[in-house]
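As the structure is a prediction and not an experimental result, all values here were calculated from the model.
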Number of protein chains: 2
Amino acid sequence: MPDVLYAAAEPTRRRLLQLLASGPRTVSDLASHFPVTRSAISQHLGVLAEAGLVVNRKEGRRRIYSVDPSGMASLRSETDRFWSSELDQLVADAAALASTIRSNDS
Amino acid sequence: MPDVLYAAAEPTRRRLLQLLASGPRTVSDLASHFPVTRSAISQHLGVLAEAGLVVNRKEGRRRIYSVDPSGMASLRSETDRFWSSELDQLVADAAALASTIRSNDS
DNA sequence: ACAATACGTTAGCCATCGCTAACGCATTTG
DNA sequence: CAAATGCGTTAGCGATGGCTAACGTATTGT
């Protein structure tokens, strides 16, 4: 049970999840959006599946991947747990300060 | 300019950011919360600094690290950009389905 | 049956990562 | 002044990561 956040952090896998957000896709379809081999995409999908973020069903000779909502929910909760109230506060203060600076532009 | 999300994903660095959320801390103070060497922590802090997530000021012979609010804000925006409306919808549906199942418990 | 398609799997390469051990540099303390 | 403290830096090691090339396996089309 690998760390979902760690699995989702890799740039290629992030894009894969975003592509799958619009609906189920085949491996070749997904691979066509990347400069790397289909094999590489297949391995990335394997990592995502192992982390519980995607599932796949076989349909004829194609394998169709889709997002696993429950896995994504646990990813969501883990990121929410990271953004503690203190961190949120810091970010909010930074945003307020930035807008103050902007309003001082000459 | 390394990928902020990738830099923040590493477990030790995540905890470092959470520790720093409660306020500025010295390197030794931070290192005391981990099973690894102070050198390792120092290098992790270097990665976080390079990603713009933390800053440090020298105070006597101690170096005090704190969260860089603007860097954390960009991390925040990048995670928000990841959670597209489609992904949010999937997670929300999963939560609704889960509660439906729970209410069917015997 | 045979070729083509849509995959997964594996070996192997090279880069990166996290880490420790050892050292060096400034700063404070005695 | 010398010793101690608080750090950064570096070399080097083992492990992991992402990738390609090559091959194996179902499944479909002709």
Side-chain angles (χ1 to χ4, degrees), chain A residues 1-20 22-68 71 75 82, chain B residues 1-20 22-68 71 75 82:
Chain A
M1 44 178 174
D3 185 2
V4 284
L5 208 158
Y6 203 67
E10 203 274 332
T12 300
R13 289 196 286 268
R14 261 186 285 169
R15 279 209 61 201
L16 280 172
L17 289 174
Q18 287 183 331
L19 285 174
L20 288 175
S22 64
R25 289 174 185 264
T26 68
V27 178
S28 298
D29 180 16
L30 290 169
S32 68
H33 294 78
F34 297 87
V36 300
T37 321
R38 179 190 54 76
S39 172
I41 299 302
S42 189
Q43 294 177 53
H44 277 306
L45 289 170
V47 172
L48 290 175
E50 199 177 348
L53 294 173
V54 300
V55 290
N56 63 78
R57 64 173 185 275
K58 222 184 146 181
E59 195 161 288
R61 63 183 162 185
R62 295 178 296 179
R63 191 170 292 265
I64 302 186
Y65 277 85
S66 35
V67 174
D68 184 341
L75 172 61
F82 170 79
Chain B
M1 45 179 173
D3 187 2
V4 284
L5 208 158
Y6 203 67
E10 205 274 330
T12 301
R13 288 196 286 268
R14 260 187 285 171
R15 278 211 63 204
L16 279 172
L17 289 174
Q18 288 182 332
L19 284 174
L20 288 174
S22 64
R25 288 174 186 265
T26 68
V27 178
S28 298
D29 179 18
L30 290 168
S32 69
H33 294 78
F34 298 88
V36 300
T37 321
R38 180 192 52 78
S39 172
I41 299 301
S42 189
Q43 294 177 53
H44 277 305
L45 289 171
V47 172
L48 290 175
E50 199 177 349
L53 294 173
V54 300
V55 290
N56 63 78
R57 64 172 185 276
K58 223 184 144 181
E59 195 160 288
R61 64 184 163 188
R62 297 179 293 179
R63 191 170 292 264
I64 302 185
Y65 278 83
S66 35
V67 174
D68 183 342
L75 173 61
F82 171 79

| query | Taking the side chain as C-beta and beyond, is there a heavy-atom pair between A:Leu20 and A:Val67 under 4.5 Å? | reply |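 They are in side-chain contact.
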| said: Rounded to whole Å, how long is the line connecting atom CD of A:Glu50 with atom C1' of C:dT9? | reply: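 Taking CD of A:Glu50 and C1' of C:dT9, I get 14 Å after rounding.
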| request: Please identify each residue that fulfils side chain to side chain donor-acceptor pair (under 3.5 Å) with A:Ser22, with sequence neighbours left out. | output: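 For A:Ser22 the side chain to side chain donor-acceptor pair (under 3.5 Å) partners, ignoring immediate neighbours, are A:Arg25.
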| request: In whole angstrom, give the distance that lies between atom CZ of A:Phe34 and atom P of D:dT20. | output: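 Rounded to whole Å, this separation is 12 Å.
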| task | For A:Pro35, check side chain to side chain contact (heavy atoms under 4.5 Å, CB included) against everything at least two apart and list the hits. | result |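 A:Pro35 satisfies side chain to side chain contact (heavy atoms under 4.5 Å, CB included) with no other residue.
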| query | Expressed in angstrom and rounded to an integer, what is the separation of A:Arg62 atom CZ from D:dT28 atom C1'? | reply |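 Atom-to-atom, A:Arg62 to D:dT28, this comes out as 11 Å.
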| To the nearest Å, how far apart are B:Asn56 CG and D:dG8 P? |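 Distance check: B:Asn56 CG to D:dG8 P gives 7 Å.
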Atom pairs and distances, donor-acceptor, side-chain atoms in residues 57-66 of chain A, under 3.5 Å, two or more places apart:
unit_1  : atom_1 : unit_2  : atom_2 : d
A:Arg57 : NE     : A:Glu59 : OE1    : 3.4
A:Arg63 : NH1    : A:Asn56 : OD1    : 2.9

| Which nucleotides of nucleotides 18-28 of chain C have their base under 4.0 Å from a protein heavy atom (B), which only their sugar-phosphate (S), and which neither (-), written as one string 5' to 3'? | SBBB----SBB
| message | In this structure, how many angstroms lie between the C1' atom of D:dG6 and the OH atom of B:Tyr65, rounded? | response |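 For the pair B:Tyr65 OH and D:dG6 C1', the rounded distance is 12 Å.
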| request: Find the distance B:Arg25:CZ to D:dC7:P and express it as a whole number of Å. | output: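 Those two atoms, CZ and P, are 13 Å apart.
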| query | In whole Å, what is the span from the CG atom of A:Leu48 to the P atom of C:dG8? | reply |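 It works out to 12 Å between those atoms.
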| Between P of C:dG8 and CG of A:Leu45, the distance in whole Å |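 Rounded to the whole Å, the gap is 7 Å.
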| Which atom pair, heavy atoms only, marks the closest approach of B:Glu10 to A:Tyr6? |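 Here B:Glu10 and A:Tyr6 meet closest at CA-CE1, 4.0 Å.
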| message | With a 4.0 Å cutoff (strictly under), does any side-chain N or O of B:Ser42 reach OP1 or OP2 of D:dG8? | response |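 For D:dG8, OP1/OP2 do have a side-chain N/O of B:Ser42 under 4.0 Å.
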| said: Quick test of your reading: applying side-chain hydrogen bond (donor to acceptor under 3.5 Å, both in side chains), list the pairs with at least one residue in residues 31-42 of chain A, sequence neighbours left out, ordered by first then second residue. | reply: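 Output for this query lists A:Ser39-A:Gln43.
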